Each structure stands twice: as C-alpha cells, then as structure tokens.
Enquirer: 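Please read through the structure below; I'll follow up with questions.
First the proteins, then the strands, lettered A, B, ... as listed; each starts at 1. Keep in mind that what you see is a predicted model, and the values were worked out from it rather than measured.
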Number of protein chains: 2
Amino acid sequence: MYKDRVTTLASRSRGKTVRLFHALSDETRLRILERLREGEQCVCELTDVFKTGQSRLSFHLRVLKDAGLVTDRPEGRWIYYSLNRDALREVEDLVAWLTESPSGNMPGHRC
Amino acid sequence: MYKDRVTTLASRSRGKTVRLFHALSDETRLRILERLREGEQCVCELTDVFKTGQSRLSFHLRVLKDAGLVTDRPEGRWIYYSLNRDALREVEDLVAWLTESPSGNMPGHRC
DNA sequence: ACTACCCATCAACATACGTTGATTGATACG
DNA sequence: CGTATCAATCAACGTATGTTGATGGGTAGT
C-alpha cells in the first residue's frame, strides 16, 4: 500500500503531475468539475449555467481533458463531458504521499 | 465524516483553493515539497541541491508559503522551511470530495 | 437542399507567471 | 567596526495563460 504510493509519485512524470494541478488551479475549471460531480453534462448545459461564452468553456474543457480529469462522449450533435474519478484518485494519492513522513533520514548539510 | 468534507469545500473560498492548486502546479515547487517532506530545510540547502539562483528559490518558496503549504522559521541568519501537512491534508479532502458521488439528483436540462 | 444548432478551433489581445541579475537588510564573525 | 553570508525584494524581460469574437465542420430537423 505504502510502496504503491511511493511508486505512484516516483514513476509518474512530473510534467504530467504539473498539468494535473494546473488544470485544477482555475476557478472556472473547479466550478466545472463541481458541476460534473453531479453527473454527465453537455457543453450547452454548462454555458447555460455559467452564462458565459461557449469558446471559453470549450477552452477550459480542453485543459481538463488534456490533464485527464474529464472524458467526453459525442452523442448526436452534443458532446457530453464527465468526471474521470480515477484521475482524481491519483491526485489524492499524490498528495497523500507528500503528506506522509518518509522512512529514511536525510543527509546533513553544512550551511 | 462525509458532511465534514462537504463543508470543507463549500465553505472554503474558491480563490484560496485555486492558489493551493496553483502552488502545486510547478515542477520546481513540487521538487521543493518532495524535499521538505524529508524534513526542515534552509534556503541555502535548497540552492545547493537544485543548483540554481537564490532569488528563483525565494520566489517559489514565497508562492508555497502564500498558499499555506509551507511555513518558515528564522534562526540566526538562516530561514528554515518545512511542510505544512495540514494544508496538504486539506487538499486531499478537497479532491476526495470531488471524487465522491453526490447524494441528490441533478435537475434536468433541455438542450 | 436549406436552416438551425452544437461545439472546436483560430487569431488577437491583455494579463499573469517565472527567470535573471542587482540591490538591500539583517545577522554573524574576524 | 568592517566584511562576509543568507535571504527577501525589485525591475526588466520573455513566455504562458485566459478572454473575446469570428470562422468552420458536423449533425438534426424541415
């Protein structure tokens, strides 16, 4: 369990992790995720709710998708977005690993 | 337990959350956190390890500190930084809340 | 076919962010 | 004292990011 988490962070490319956190570091995108938490939604629903330009939402949805936090599914002329809970759990593990105390000791340092 | 998490995210200002994730969305800062995970460190230690300019680290440490992820403690002419594990646990809860399925149902929408 | 709708993409712009090198202040040490 | 060290801050710069309005491609309905 513990070992799993170690490798989770260690083996993961830092760039991918950075993109994950970056995707989460925007108010609009957080609100989108909160919304998607309730279930699948199409873009038109979101533009309705957020009362904002469509291209703006499209932009943010793309950031979330590139980070792997959401998935999309076309149906007719709509595209439905939904949360990727696996990615979120990965974020949880990442942070959990940081929170834990390491086993070994650190080498000293002369200032 | 579940209710706690709900209020954790709901009562929290989104701006603060955004700053948290933003602080985590940089490779240098992630490496600093990984380092601090092993224990308290002064800036000179970090400049040594990362072989980079002092002002650069100072900048990133400030971002981390403003987000509440680290704390600093002056001692003599050095300043020691350490992880704020409470803040990290807060991040964990935030993400956990997003991951969970909500209880109620969403209102429908006509496209 | 024609029109209406949904969405992604683009170009242009403004703002935010990270880097670098220099300066400043504070502490320690001779 | 004078000098050296540690670290925060500043100004200047280039790049990344988010916003807006316009365009275009695909699907549905008439």
Side-chain angles (χ1 to χ4, degrees), chain A residues 14-33 35-36 39-82 108-111, chain B residues 14-36 40-82 108-111:
Chain A
R14 274 215 199 78
K16 221 178 150 195
T17 306
V18 166
R19 267 200 310 174
L20 257 179
F21 284 123
H22 167 75
L24 291 167
S25 69
D26 177 273
E27 169 145 5
T28 304
R29 293 195 287 268
L30 281 183
R31 287 176 58 202
I32 292 175
L33 291 178
R35 190 86 195 157
L36 290 184
E40 204 177 41
Q41 305 231 339
C42 65
V43 181
C44 57
E45 252 167 298
L46 296 170
T47 53
D48 263 24
V49 172
F50 292 158
K51 301 196 200 322
T52 185
Q54 174 261 322
S55 72
R56 197 166 89 97
L57 278 184
S58 220
F59 168 76
H60 288 296
L61 285 168
R62 180 170 234 296
V63 173
L64 289 170
K65 186 177 157 191
D66 286 347
L69 285 167
V70 303
T71 57
D72 60 340
R73 174 180 72 84
E75 177 174 328
R77 60 182 136 170
W78 299 284
I79 298 197
Y80 287 92
Y81 280 86
S82 43
H109 181 268
R110 302 281 86 231
C111 276
Chain B
R14 274 216 199 77
K16 221 178 148 196
T17 306
V18 166
R19 267 198 310 174
L20 257 177
F21 284 124
H22 168 75
L24 290 167
S25 70
D26 177 274
E27 169 146 5
T28 304
R29 293 197 285 269
L30 280 183
R31 286 176 59 203
I32 291 176
L33 291 178
E34 286 177 35
R35 190 82 195 162
L36 291 183
E40 204 178 41
Q41 304 231 341
C42 66
V43 180
C44 57
E45 251 168 299
L46 296 168
T47 53
D48 262 25
V49 172
F50 292 157
K51 301 198 199 320
T52 184
Q54 173 262 322
S55 72
R56 197 165 91 97
L57 278 184
S58 219
F59 168 77
H60 288 295
L61 285 169
R62 180 170 234 297
V63 174
L64 289 170
K65 186 177 156 191
D66 286 347
L69 285 168
V70 302
T71 57
D72 59 342
R73 172 181 72 84
E75 178 174 326
R77 62 183 137 171
W78 300 285
I79 299 199
Y80 286 91
Y81 281 86
S82 44
H109 179 270
R110 303 280 84 235
C111 275

Enquirer: According to side chain to side chain contact (heavy atoms under 4.5 Å, CB included), who are the partners of B:R31, at least two apart in sequence or on a separate chain?
Expert: A:R14, B:E27, B:F50
Enquirer: Summarise protein proximity over nucleotides 3-14 of chain D in one line of letters, 5' to 3': B for base, S for sugar-phosphate only, - for none, counting protein heavy atoms closer than 4.0 Å.
Expert: --BSBBB-----
Enquirer: Can you name the nearest heavy-atom pair linking B:A23 to B:L69, along with the distance?
Expert: CB-CD1, 3.8 Å
Enquirer: Tell me the bend of the helix from C:dA1-D:dT30 to C:dG30-D:dC1 as the angle between end helix axes, each from five pairs, rounded to the nearest 10 degrees.
Expert: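 The end axes of the helix from C:dA1-D:dT30 to C:dG30-D:dC1 are about 20° apart, to the nearest 10°.
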Enquirer: Of all heavy-atom pairs between A:C44 and A:W78, which one has the smallest distance, and what is that distance?
Expert: SG-CD1, 3.9 Å
Enquirer: Going by side chain to side chain contact (heavy atoms under 4.5 Å, CB included), name the residues that satisfy it together with B:R19, two or more places apart in sequence or in a different chain.
Expert: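 For B:R19, the residues satisfying side chain to side chain contact (heavy atoms under 4.5 Å, CB included) (neighbours in sequence not counted) are B:K16, B:D66.
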Enquirer: First and last nucleotide of DNA chain C touching chain B, 5' to 3', heavy-atom cut-off 4.0 Å?
Expert: C:dC6 to C:dC29
Enquirer: Which residues pass the side chain to side chain contact (heavy atoms under 4.5 Å, CB included) test with A:S58, not counting sequence neighbours?
Expert: A:Q54
Enquirer: Provide the closest heavy-atom pair for B:L57 versus B:T47 in the form atom of the first, atom of the second, distance.
Expert: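 It is CD1-N, 3.2 Å.
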Enquirer: OP1 or OP2 of D:dA16 versus the side-chain N and O atoms of A:H22: is any pair under 4.0 Å?
Expert: no
Enquirer: Does B:G76 reach a base, just sugar-phosphate, or nothing at all? Heavy atoms under 4.0 Å.
Expert: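 Since only primed, P, OP1 and OP2 atoms lie under 4.0 Å of B:G76, the category is sugar-phosphate.
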Enquirer: To the nearest 0.5 Å, how far apart are NE2 in A:H109 and CG in B:L46?
Expert: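 With rounding to 0.5 Å, NE2 (A:H109) is 8.5 Å from CG (B:L46).
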Enquirer: Does B:R35 reach the main-chain N or O of B:E45 with its side chain, forming a donor-acceptor pair under 3.5 Å?
Expert: no
Enquirer: Can you tell me if A:R29 uses its side chain to pair, donor with acceptor, with the backbone of A:L24 under 3.5 Å?
Expert: no
Enquirer: Looking at every heavy atom in both A:L20 and A:A67, which two are closest together, and how far apart are they?
Expert: CD2-O, 3.8 Å
